[in-house]
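Reviewing the structure listed below.
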Amino acid sequence: MGALSEIFVSVVRVKIFKLFLRKGAPEFFHIREATRQIGTEINAVRRELQRLTKVGFLKREPRGNRVYFRIRSEFNLYGDLLSLVARETGLGKDLLDNLSSLGNIKLIFFSKLFYLGRVSRPTEVDLFILGKLDLNLLDKIIKREEKEIGREINYTVLTDEEFEFRKKRKDIFITNILLEPRIVVYGNDEKYTKLTI
């Protein structure tokens, strides 16, 4: 199950993180729906939902005779957990699993809005990769994910030289990418993405 299961003792808790934080997940989950998707017994799910509500990760919302749970995005570890899940599921996992075959990659990040379910306009970048890589292999990986999610992924690949040149010139395309909230999948974000004014 990856690093998450090594960090967290409870397998059910890891599955809850992956359920709530996966790309394009619905905003609310009823306990029975969460149990069905996780594939374990309801009491274990109920216990973990209660624990995660108590620490502030989830918010419990009664509606009629049902109780729903949703993520509290203001939770202090929300961004860290989102990044961990992005690395261990879907496209993030596929990219990391193929990292050495893809080439010399310095940085990979998703647009946070894309990851949370935004359907992008042609001018918006969903995935950014910095480095020299095998574009044919990347295309195969992207196509698999597009088939899975049922829509196109807008991605940009730049070499270090192209990126630094465009960044120094304050290229509007690069500036927009760097100003948008992101989820880093691989590399040192701060080393490459600081904008100088």
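Within the 4.5 Å cutoff, the side chain of Gln50 has no heavy atoms near those of the Thr53 side chain. Side-chain contact between Phe17 and Leu52: present, with at least one pair of heavy atoms (C-beta onward) separated by less than 4.5 Å. The closest side-chain heavy-atom distance from Lys15 to Lys18 is not below 4.5 Å. For the pair Glu88/Lys93, no side-chain contact is recorded, criterion being any heavy-atom separation below 4.5 Å from C-beta on. A heavy-atom distance below 4.5 Å is found between the side chains of Leu102 and Ile141. Looking at heavy atoms from C-beta onward, Phe69 lies in side-chain contact with Val67 at the 4.5 angstrom threshold. Counting heavy atoms from C-beta outward, Val85 and Leu81 have side chains that stay 4.5 Å or more apart. Within the 4.5 Å cutoff, the side chain of Ile105 has no heavy atoms near those of the Leu130 side chain.
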Glu164 vs Lys167, test: side-chain contact (heavy atoms from CB on, under 4.5 Å). Steps then yes/no. CA-CA 5 Å; Glu164 287 304 327; Lys167 195 168 92 165; 3.9 Å; yes
When you look at Lys112 and Glu180, which way does the salt bridge (Lys or Arg N to Asp or Glu O under 4.0 Å) test go after all the steps? CA-CA 8 Å; Lys112 188 174 181 182; Glu180 191 172 318; over 6 Å; no
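Considering only residues two or more places apart in sequence or on other chains, Phe28 meets the side chain to side chain contact (heavy atoms under 4.5 Å, CB included) condition with Glu61, Arg63, Tyr68, Arg70. Partners of Phe128 by ring pair (Phe, Tyr, Trp, His ring centres under 6.0 Å), not counting sequence neighbours, listed by chain and number: Phe109, Phe163. Every residue meeting the salt bridge (Lys or Arg N to Asp or Glu O under 4.0 Å) condition with Lys143, not counting sequence neighbours, appears here in chain and number order: Asp139.
Residues Leu107 and Phe165 do not share a hydrophobic cluster, clusters being chains of Ile/Leu/Val/Met/Phe/Trp/Tyr side chains in contact below 4.5 Å. A continuous path of hydrophobic side-chain contacts links Leu77 to Ile71 [ILVMFWY only; heavy atoms under 4.5 Å].
In plain terms, the two heavy atoms of Leu91 and Glu145 that are nearest each other are N-OE1, 3.5 Å. When every heavy atom of Val12 is checked against every heavy atom of Ala44, the shortest pair comes out as CG1-O, 3.9 Å. Nearest heavy atoms, Ser73 versus Tyr78: O-CD2, 3.5 Å. Across all non-hydrogen atoms, the minimal contact from Gly131 to Val157 is O-CG1, 4.1 Å. Of all the heavy atoms in Arg87 and Val184, the pair that sits closest is NH2-O, 3.0 Å. Here the closest non-hydrogen pair linking Arg182 and Ile177 is NH1-O, 4.2 Å.
Using a cutoff of 4.0 Å between basic side-chain nitrogens and carboxylate oxygens, Arg151 and Glu146 are not scored as salt-bridged. We find that Arg13 and Glu48 are joined by a salt bridge, their nearest charged nitrogen and carboxylate oxygen being less than 4.0 Å apart.
For the 3.5 Å distance criterion, the side chains of Thr159 and Glu162 qualify, holding a donor opposite an acceptor.
With rounding to the nearest 0.5 Å, the separation of OG in Ser111 from CG in Asn176 is 11.5 Å. Between the NE2 atom in His30 and the CD atom in Glu33 there is a gap of 9.5 Å [rounded to 0.5 Å]. Note that CD1 of Ile142 is 13.5 Å distant from NZ of Lys140, once rounded to the nearest 0.5 Å. Atom CG of Asp94 sits about 12.0 Å away from atom CG of Leu99, to the nearest 0.5 Å. Of the inter-residue distances, the one linking Lys106 atom NZ with Leu158 atom CG reads 13.0 Å to the nearest 0.5 angstrom.
A donor-acceptor distance shorter than 3.5 angstrom exists from the side chain of Glu124 to the backbone of Arg121, with no hydrogens or angles considered. Between the side chain of Tyr115 and the backbone N or O of Leu21 there is at least one donor-acceptor pair closer than 3.5 Å. Side-chain N or O atoms of Arg72 include none that pairs as donor or acceptor with a backbone N or O of Leu58 at under 3.5 Å.
When each of Leu113, Ile153, Thr156 is tested with Asp126 by the rule side-chain contact (heavy atoms from CB on, under 4.5 Å), just one qualifies, namely Ile153.
Within 6.0 Å of the CD atom in Glu74, the count of heavy atoms belonging to other residues, nucleotides or ligands exceeds 12. For Arg32, the CZ atom is loosely surrounded, since the number of other residues' heavy atoms within 6.0 Å does not exceed 12.
Phe57 and Phe75 have their aromatic ring centers within a separation under 6.0 angstrom.
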